[in-house]
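One structure is given below, encoded as structure tokens.
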Amino acid sequence: MTQIVLASASPARLALLRSAGLDPKVIVSGVDEEVVTADSPGELCLALARAKAVTVARDLASGLVIGCDSVLELDGQAYGKPLSPEDAVARWRLMRGREGRLLTGHCVIDAADGREVSEVGATVVRFGTPSDAEIAAYVATGEPLRVAGAFTLDGPGGWFVDGIDGDHGNVLGISLPLLRRLLTALGVSVPTLWQRA
């Protein structure tokens, strides 16, 4: 069976892939995200996803390497993980009552022959209007500091998201429909990767 390698430390991405029938090996790339720049939020998340996948695939003889990176696009700016609790509070005050786009770059590399495919998934997120006290309480959980955009759908942040338009998996960090398209482009049928019970 083809080895799937997730070039990401994200527990949410790993959990999503496992719940969808895959059993990826995790190899964290160690890419310094601060040195990667791009002209737009979409190009940035794709450049980061590709950097992670390329770094991991370089050391492998075979396997399908999946690199992903997410940013929140708001007012044309890319927002990753907040730098501090104060940054997270300021971010939530900026986001509340508004819409943003959660962008996730996906890059898949076949380590055996170097073939590579990539695409950006976009999901519109409609933020609720938490009070300053609710924002402070949420930031105190520590969750916003660990995730791009300073929120989650499947944790305490879910209380403050009114809705989304698009794939919820993309917001969690990996879009299964998009990933299936990329794997198909490499000639891989997703059901052949499912773990048999």
Side-chain angles (χ1 to χ4, degrees), residues 6 8-17 19 28-29 31-52 66-107 118-179:
L6 179 62
S8 169
S10 164
R13 288 188 185 112
L14 179 60
L16 191 56
L17 289 175
S19 70
V28 179
S29 68
V31 167
D32 181 358
E33 299 184 15
E34 298 304 312
V35 302
V36 178
T37 60
D39 293 335
S40 72
E43 290 173 289
L44 177 62
C45 68
L46 198 57
L48 287 164
R50 184 175 184 277
K52 292 176 181 180
I66 301 169
C68 293
D69 195 83
S70 300
V71 298
L72 178 71
E73 181 182 27
L74 193 68
D75 299 325
Q77 297 292 312
Y79 293 95
K81 296 172 186 168
L83 302 174
S84 65
E86 295 74 22
D87 187 28
V89 168
R91 181 94 54 86
W92 262 98
R93 287 178 175 164
L94 179 67
M95 297 186 317
R96 67 180 163 192
R98 302 182 62 199
E99 285 187 357
R101 290 198 320 150
L102 197 290
L103 305 176
T104 298
H106 298 64
C107 179
S118 60
E119 190 177 328
V120 176
T123 304
V124 173
V125 181
R126 297 188 302 280
F127 294 104
T129 52
S131 67
D132 285 352
E134 286 173 321
I135 290 172
Y138 178 43
V139 171
T141 69
E143 181 183 82
L145 298 172
R146 297 189 295 269
V147 290
F151 76 98
T152 66
L153 291 181
D154 57 343
W159 293 102
F160 309 121
V161 176
D162 284 352
I164 65 169
D165 298 317
D167 177 19
H168 83 283
N170 191 63
V171 181
L172 300 181
I174 193 163
S175 167
L176 295 178
L178 191 160
L179 182 58

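Being a predicted model, the structure only gives us computed values, none of them experimental. In this chain, numbering begins with 1 at the start of the sequence shown.
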Do the side chains of [Y] and [X] get nearer than 4.5 Å, heavy atoms only?
X: Leu103; Y: Leu72; result: no
X: Pro130; Y: Trp92; result: yes
X: Thr37; Y: Leu44; result: no
X: Ser8; Y: Val28; result: no
X: Ile174; Y: Leu17; result: yes

Looking at [X] and [Y], what are the two nearest heavy atoms and their distance?
X: Thr152; Y: Val161; value: O-CG2, 4.4 Å
X: His106; Y: Leu46; value: O-CD1, 3.8 Å
X: Arg13; Y: Cys68; value: NE-CB, 3.3 Å
X: Gly105; Y: Cys45; value: N-SG, 3.4 Å
X: Leu176; Y: Asp167; value: N-OD2, 3.9 Å
X: Thr104; Y: Ser70; value: OG1-OG, 2.7 Å

More than 12 non-hydrogen atoms from neighbouring residues, nucleotides or ligands closer than 6.0 Å to CG on Asp32, yes or no?
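Count over threshold, so yes.
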Taking atom CZ as the centre, does Arg91 end up with more than 12 heavy-atom neighbours from other residues, nucleotides or ligands that are less than 6.0 angstrom away?
yes
Output the distance between atom [atom1] ([X]) and atom [atom2] ([Y]), rounded to the nearest 0.5 Å.
X: His168; Y: Leu102; atom1: NE2; atom2: CG; answer: 12.5 Å
X: Leu16; Y: Ser175; atom1: CG; atom2: OG; answer: 9.0 Å
X: Glu34; Y: Leu48; atom1: CD; atom2: CG; answer: 9.0 Å
X: Glu119; Y: Leu178; atom1: CD; atom2: CG; answer: 4.0 Å

Would you check if the side chain of Glu73 reaches a backbone N or O of Gly100 as a donor-acceptor pair within less than 3.5 Å?
no
Just by modelled atom types, is the Val124 backbone N or O under 3.5 Å from a matching donor or acceptor in the Arg101 side chain?
no
Hey, are Lys81 and Glu33 close enough for a salt bridge, meaning a charged N less than 4.0 Å from a carboxylate O?
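Looking at Glu33 together with Lys81, the answer is no, because their closest N to O distance does not fall below 4.0 Å.
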Between Asp132 and Arg93, is there a side-chain N and carboxylate O pair less than 4.0 Å apart?
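Yes, this pair counts.
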Lys52 vs Ile66, test: side chain to side chain contact (heavy atoms under 4.5 Å, CB included). Steps then yes/no.
CA-CA 8 Å; Lys52 292 176 181 180; Ile66 301 169; over 6 Å; no
Take Leu74 and Glu99, measure what side chain to side chain contact (heavy atoms under 4.5 Å, CB included) needs, and give me the verdict at the end.
CA-CA 8 Å; Leu74 193 68; Glu99 285 187 357; over 6 Å; no
Only one of Phe160, Tyr79, Phe127, Trp159 passes ring-ring contact (aromatic ring centres under 6.0 Å, His included) with Phe151; say which it is.
Phe127
